[in-house]
Peer 1: 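Quick one: structure below, then a few questions.
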Amino acid sequence: MNVAARPGEIRAIPSGPSAVPDAAGTNLWSADPAFARLLPLYLPADLLVVLRPHLERLGALAGGRLDALAGMADRNPPELRHRTRRGEDSQSVEYHPAYREMEALAFGELGLAAMSHRAGVFGWPAPLPPAAKYAFTFLFAQAEFGLLCPVNMTDSLTRTLRKFGDPALVERYLPVLASQDMDALHQGAMFMTEQGAGSDISATAVLAEPQPDGSWALHGDKWFCSNPDAELAMVLARRVDGGPGMRGVSLFLLPRTLPDGTPNRHRIVRLKDKLGTRSMASGEVTLNGATAWLVGEPEAGFRQMADMVNSSRLSNGVRAAGMMRRAVTEALFVARHRVAFGRRLVEMPLMRRQLTKMLMRAEQARAMVFQTAEVLRRSDSGEEGAYALLRILTPLVKFRACRDARQVTGDAMEVRGGCGYIEEWPEARLLRDAHLGSIWEGTSNIVALDVLRAASRENSLPALEAHLRGLLGNGAALPEALPALNRAIALAGRAGEDPALARQAASALYHLTSAAVMAWEAERIGNVHRAALARMVLRHRILPRDPLGAEDPDAAGLGDLLEAA
């Protein structure tokens, strides 16, 4: 059937794929050519040869079977059972089979929680570097966000226990925390939040009482506990003789089952009805004198827990980057295949600008994630100065990437139009899940202030400035970046005196860092499109612009940029 579009013009009505494009079944590794180009900058060549087939397979799963499982688990959230059918008082959380299948892929087949802590994952003879773990996380998050919270908490709890735990606890629990055997695996959790002590950890009210056998009994309630049925949880509690403030708060390891096989005494009161991450359980827990063991120094509880929190913050940034890439992939597919007004959407100038800004934000996040992963590797190896740099990069990623994910996923919904608002399509779940990143492990205000805390306590600003000057070299690739860097460092210094500037300063540092990283990446892989994105970051997110000006220096190259994406 034809309709008249303009006087004298007859046009066919779009139907089928040209009317409602559907990217289901797309291999999300193959659909993202930048990923394969960038990974050699962050992973050794011999390791990448081993990992690439697994990344390709995960890309196919993420665009197909894993995506379908994630949708089923999202529509069928877990349920709390307080008693068995015989009336026995035995709590359990019942998960949909789709969630269990995803668990087997993430924990078992891929070893996402194990690969940083032992050799053998994918047959590699040593623990894998952070960039490898985050490469798989980046792909997995494009299909499923919620399960990656328990995966990350298991990984992070293992890291914290290894760093600060008593050797006997490490010996007992490390093998099961890093297991790929689903029957042996012990998952991890983090119980920090209380009704009166969210981000204000100094207000922690849960009490820890020493026991004659060296263990501690925990009393009180935790208000928001994700993965509440985990076999092991790190818990912050105030020692009964610890006094007020942060020094009275200690870190404890809480098992669900005691070493003699009896259930511990803590109980899940109820599960939360959440906006997103509905596949994964979050609940309220009452401790009832549950047995736990002290981890690390008694007066350093929060500092030690911060190691786990920072690991989770970086994971949140990785997941935000992954969701942005999925949103961009979906939007590009729609724009390339949907026909309206006689043209493909991607040919329309205004749509090109919208898609390119989405791509820019997604690539900023990817650059920041893998740069931070490399700094984490250097820090863990003991390289001088790397910890100070890691300490500021982590909250920068958590702060800005998680906020950008909310906009990029919303824009992707708009590109698809009315179908994007329908739960049958991926955009609705992406948008719901994207809102989590700016809340958990610290809201935007808290994390922006943590950037300033890193600057003052860890001398992180000089470390970041030196790193960026090294990336930029003589500044030829981004001539406006070095003067802007001087101003951003000065703004961060002023924000230390006036915390109301914290978000502005953190945003400036994030944008400059991401632009410098992308320019460095572009030079090493010889990619003009990535260099163009780095320049766009400066023009659109850092340098002053006339809001009434009509010039668009990017317009001529937008089609090529999107074609390469």
Side-chain angles (χ1 to χ4, degrees), residues 29 35 38-59 61-62 66 102-145 147-163 170 173-190 227 230-232 307-308 310-319 321-322 369-381 390 394:
W29 163 269
F35 204 10
L38 291 170
L39 279 181
L41 298 178
Y42 297 103
L43 288 171
D46 55 346
L47 175 57
L48 193 51
V49 168
V50 172
L51 297 184
R52 184 174 179 124
H54 301 284
L55 290 166
E56 290 176 349
R57 179 171 180 272
L58 179 56
L61 287 170
L66 179 57
M102 292 193 297
E103 277 186 319
L105 174 63
F107 284 102
E109 183 177 336
L110 298 176
L112 287 180
M115 63 174 61
S116 294
H117 306 290
R118 64 166 176 81
V121 177
F122 302 126
W124 193 249
L128 297 178
K133 173 174 62 184
Y134 293 137
F136 284 96
T137 302
F138 179 84
L139 271 176
F140 202 103
Q142 294 185 45
E144 165 64 4
F145 184 105
L147 174 63
L148 288 175
C149 180
V151 169
N152 167 255
M153 287 193 295
T154 304
D155 171 43
S156 300
L157 183 147
T158 307
R159 174 186 172 90
T160 302
L161 182 63
R162 291 177 64 197
K163 287 184 70 172
V170 176
Y173 289 119
L174 178 59
V176 290
L177 283 164
S179 178
Q180 290 176 264
D181 180 344
M182 297 304 293
D183 292 328
L185 173 70
H186 279 39
Q187 293 189 30
M190 176 170 55
N227 210 23
E231 285 81 4
L232 293 165
D307 188 78
M308 186 172 178
N310 283 330
S311 179
S312 293
R313 285 177 173 174
L314 180 52
S315 176
N316 259 316
V318 177
R319 286 175 268 166
V369 159
F370 285 99
Q371 189 77 184
T372 306
E374 169 59 14
V375 174
L376 173 59
R377 183 196 65 79
R378 289 161 45 193
S379 177
D380 283 349
S381 69
L390 175 68
T394 299

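Computed from a predicted structure; not experimentally measured. Scope of the values below: all heavy atoms of this structure, side chains included, with no hydrogens, waters or symmetry mates.
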Peer 1: Using only heavy-atom distances, determine whether the side chains of Gln180 and Arg118 contain a donor-acceptor pair under 3.5 Å.
Peer 2: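 The criterion, which ignores hydrogens and geometry beyond distance, is satisfied for Arg118 and Gln180.
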Peer 1: Main chain of Met115, side chain of His117: is a donor-acceptor contact present, judged purely on distance under 3.5 Å?
Peer 2: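 Checked: no pair found.
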Peer 1: Between Phe138 and Val318, which heavy-atom pair has the shortest distance, and what is it?
Peer 2: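 Residues Phe138 and Val318, closest heavy atoms: N-CG1, 3.9 Å.
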Peer 1: Report the distance from atom NE2 of His186 to atom CZ of Phe107, rounding to the nearest 0.5 Å.
Peer 2: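 Those atoms lie 12.5 Å apart.
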Peer 1: Using distance alone, with no hydrogens and no angle criterion, decide if Glu103 and Gln187 have a side-chain donor and acceptor under 3.5 Å apart.
Peer 2: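 Judged by distance alone, the side chains do pair up.
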Peer 1: So Thr372 and Leu314, do their side chains get closer than 4.5 Å, heavy atoms only?
Peer 2: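 With C-beta onward as the side chain, the pair touches.
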Peer 1: Taking side chain as C-beta onward, heavy atoms only, is Trp124 less than 4.5 Å from Val50?
Peer 2: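 Yes. Closest side-chain heavy atoms under 4.5 Å.
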Peer 1: Is the Tyr42 ring parallel, tilted or perpendicular to the Phe370 ring (thresholds 30°, 60°)?
Peer 2: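 The arrangement is tilted - the two ring planes meet at 30° to 60°.
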Peer 1: How long is the straight-line distance from NE2 of His54 back to CG of Leu58, given to the nearest 0.5 Å?
Peer 2: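 Reported value, rounded in 0.5 Å steps: 11.0 Å.
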Peer 1: Does the Ser381 side chain pair with the main chain of Arg378, one donor and one acceptor, at a distance under 3.5 Å?
Peer 2: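 Answer holds: yes.
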Peer 1: Please determine whether a side-chain nitrogen of the Lys or Arg among Asp307 and Arg162 lies less than 4.0 Å from a carboxylate oxygen of the Asp or Glu.
Peer 2: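 No, this pair does not count.
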Peer 1: Determine whether a donor-acceptor pair (N or O, by modelled atom type, separation under 3.5 Å) exists between the side chain of Asp155 and the backbone of Leu112.
Peer 2: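 No; zero donor-acceptor contacts below 3.5 Å.
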Peer 1: What distance do Asn152 atom CG and Leu147 atom CG have between them, rounded to the nearest 0.5 Å?
Peer 2: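 Going from CG on Asn152 over to CG on Leu147, the span is 11.0 Å.
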Peer 1: Do you know the tightest heavy-atom contact between Leu43 and Ala131?
Peer 2: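 Nearest heavy atoms, Leu43 then Ala131: CD2-CB, 3.8 Å.
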Peer 1: Can you name the closest pair of heavy atoms from Pro130 and Arg377 and give their distance?
Peer 2: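 Where Pro130 meets Arg377 most closely, the heavy atoms are CD-CB, 3.8 Å.
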Peer 1: State whether a side-chain donor-acceptor pair under 3.5 Å links Thr394 with Asn310.
Peer 2: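 Per modelled atom types, Thr394 and Asn310 side chains form no pair under 3.5 Å.
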Peer 1: Can you check whether Trp29 reaches Leu61 side chain to side chain, under 4.5 Å on heavy atoms?
Peer 2: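 A side-chain contact is absent here, since even the closest heavy-atom pair is not under 4.5 Å.
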Peer 1: Could you tell me if the side chain of Tyr173 sits less than 4.5 Å from the side chain of Thr158, heavy atoms only?
Peer 2: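 Of all side-chain heavy-atom pairs linking Tyr173 with Thr158, none is under 4.5 Å.
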Peer 1: Over all heavy atoms of both residues, which pair between Phe136 and Leu51 is shortest? Give the atoms and the distance, please.
Peer 2: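 Smallest heavy-atom distance, with atoms named: CE1-CD2, 4.0 Å.
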Peer 1: Within the 4.5 Å heavy-atom criterion, are Asn316 and Phe145 side-chain neighbours or not?
Peer 2: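 Yes - at least one pair of side-chain heavy atoms lies under 4.5 Å apart.
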Peer 1: For the residue pair Phe35 and Leu139, establish whether any side-chain heavy-atom pair is separated by less than 4.5 Å.
Peer 2: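 Yes, at least one pair of side-chain atoms sits under 4.5 Å.
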Peer 1: Do Val176 and Leu185 make a side-chain contact, defined as non-hydrogen atoms from C-beta onward lying under 4.5 Å apart?
Peer 2: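 The answer is no; the side chains never approach within 4.5 Å.
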Peer 1: Measuring from Met102:CE to Leu148:CG, what's the distance to the nearest 0.5 Å?
Peer 2: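 Met102 CE to Leu148 CG: 9.0 Å, rounded to 0.5 Å.
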Peer 1: Taking Ser311's backbone N and O only, do any of them form a donor-acceptor pair with Ser315's side chain (distance below 3.5 Å, no angle check)?
Peer 2: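 A pair under 3.5 Å: no.
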Peer 1: Minimum heavy-atom separation for Pro150 to Thr154, with atom names?
Peer 2: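 Minimum heavy-atom contact is O-OG1, 2.7 Å.
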Peer 1: For Glu109 and Phe122, which heavy atoms make the closest approach, and how far apart are they?
Peer 2: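 Minimum heavy-atom contact is O-CE2, 4.1 Å.
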Peer 1: Could you tell me whether the side chain of Ser312 and the main chain of Met308 form a donor-acceptor pair under 3.5 Å?
Peer 2: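 Looks like yes, one N/O pair under 3.5 Å.
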Peer 1: Quick one, Asn227 and Met190 - any side-chain contact, counting heavy atoms below 4.5 Å?
Peer 2: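 Side-chain contact under 4.5 Å: no.
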